[in-house]
Amino acid sequence: MMDRRRFLTTSAAAAALIGHAPGAFAASYDLLIRGGRVIDPSAGLDAVRDVAIAHGRIAAVAADIAGDAAETIDARGKIVAPGLIDIHTHAGRSKEGPAMILQDGVTGWVDAGSGGADNVDQVAAVARSAPQIGRVLVNIARTGVISPAGELHDLGAANVALAQGAIARNRDVVVGVKARLSETVADTNDLEALRRAQEAAVPFGLPVMIHIGQSHSPLRAILALLKRGDVVTHMYAPAPNGILDDQGRLFPDVTAARRRGVVFDFGNGTLDHFDWATVERATQQGFWPDTFSTDWNANSRTTGVVDLPNVMSKFLMFGMPLMQLIACATVNAARVFPAFDDRGTLNVGAPADVAVLDLREGSFDFVDNYKGTRAGKQRLFPVATVLGGKKTPARA
Ligand SMILES: [Zn+2]
């Protein structure tokens with residue numbers, strides 16, 4: 001990743017530095033984000049800094065940057081992070097979705113299987129017209145997500161040739177294949193559906209994201225079908241067939257899967273995807289998320305998902321350090337899909353996608369998927385988003 005980053009153009013930064021008359025070294029920027037606590041896990045940076053932006057790219061990150069700017073954001077007392085990346089959303093279901101999550105600081109998203117071969121073209125069209133970078137996973141079931149009936153009850157819906165056709169005609173935005181494996185979705189077809197998802201994805205060199213929890217088959221059998229770079233979402237789904245055994249211990253197969261490069265994603269969602277007890281037992285054994293995601297859709301504001309910063313805040317209660325918390329929503333997420341290679345970072349030359357967050361102290365109620373409430377002392381709120389160097393409207 002860093003190797004690829006090294007080749008990023010620095011022409012924007014160079015142009016900014018020589019923008020004035022020869023001999024005058026004062027720089028001129030398009031936007032200056034002043035005095036925030038810059039947390040950029042891609043650089044291991046946590047310090048008060050200014051961030052200067054020119055021509056849509058990060059031009060400088062330094063203390064007290066001299067020079068003028070067309071626009072300024074006063075970020076004193078706020079956290080300045082790389083734009084957030086949410087790898088499990090359903091933002092592609094509606095034209096309005098992407099603009100809504102942009103207000104949450106989300107400057108990159110993946111729609112995880114809303115559409116299958118029959119209807120993913122509409123999701124791909126939403127991704128192409130989104131203000132920020134949006135990418136798509138093709139559901140291995142040709143219908144995409146069907147609610148409340150599961151899309152894999154009829155195994156005939158998992159048609160490899162049709163899925164491959166959908167990938168081929170949307171190759172510009174499709175970054176993988178999705179399979180939902182809960183018994184309510186897939187009945188007893190979980191393993192065969194996953195085999196077909198791999199068969200569709202592998203010729204294109206793409207990962208598969210699976211949704212686990214309450215599956216017919218034990219997780220051990222499911223994990224055995226995953227390759228390096230594949231993603232397990234809803235990682236803290238409670239029993240049966242979650243990541244913990246009857247005694248609450250992590251299955252060795254789970255840690256083994258992580259060691260061989262399988263990514264474990266939080267996937268908040270609303271129903272049966274996590275409970276506090278599973279998060280607590282797993283994190284006590286050192287099993288933290290690689291990435292956060294919301295499983296967001298346009299109705300999520302009122303369901304306990306709210307927004308990605310809210311989902312991230314849940315892990316502050318369990319003692320996750322801020323640097324790691326922000327890494328999960330930025331650089332770690334960017335590493336999952338090559339489409340996000342130059343994102344999730346404030347490196348000079350990178351696209352100027354920035355999330356300004358407010359870490360507020362108080363008493364905040366957070367909910368799991370079983371109406372369990374826990375009170376935390378801190379919560380992150382999105383206060384401003386910069387996309388491609390431009391300030392975007394704040395959430396009402
Ligand atoms: Zn989902």
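First listed ligand is number 1; within each ligand, the first listed atom is number 1.
Under 2.8 Å from the Zn ion (ligand 1) lies no N/O/S atom of His211, from backbone or side chain alike.
Cation-pi geometry between Arg135 and Phe337 is not satisfied (NZ or CZ under 6.0 Å from the ring centre, within 45° of the ring normal).
No side-chain heavy atom of Ser217 sits under 4.5 Å from any side-chain heavy atom of Leu181.
Closest of all the heavy-atom pairs between Gln378 and Leu359 is NE2-CD2, 3.7 Å.
Among the heteroatoms counted here (N, O or S) of Asp295, OD1 is the one nearest to the Zn ion (ligand 1). Counting just the N/O/S atoms of His88, the one with the shortest distance to the Zn ion (ligand 1) is named NE2.
Note that the CD1 atom of Ile87 and the CZ atom of Phe266 stand 12.5 Å from one another [nearest 0.5 Å].
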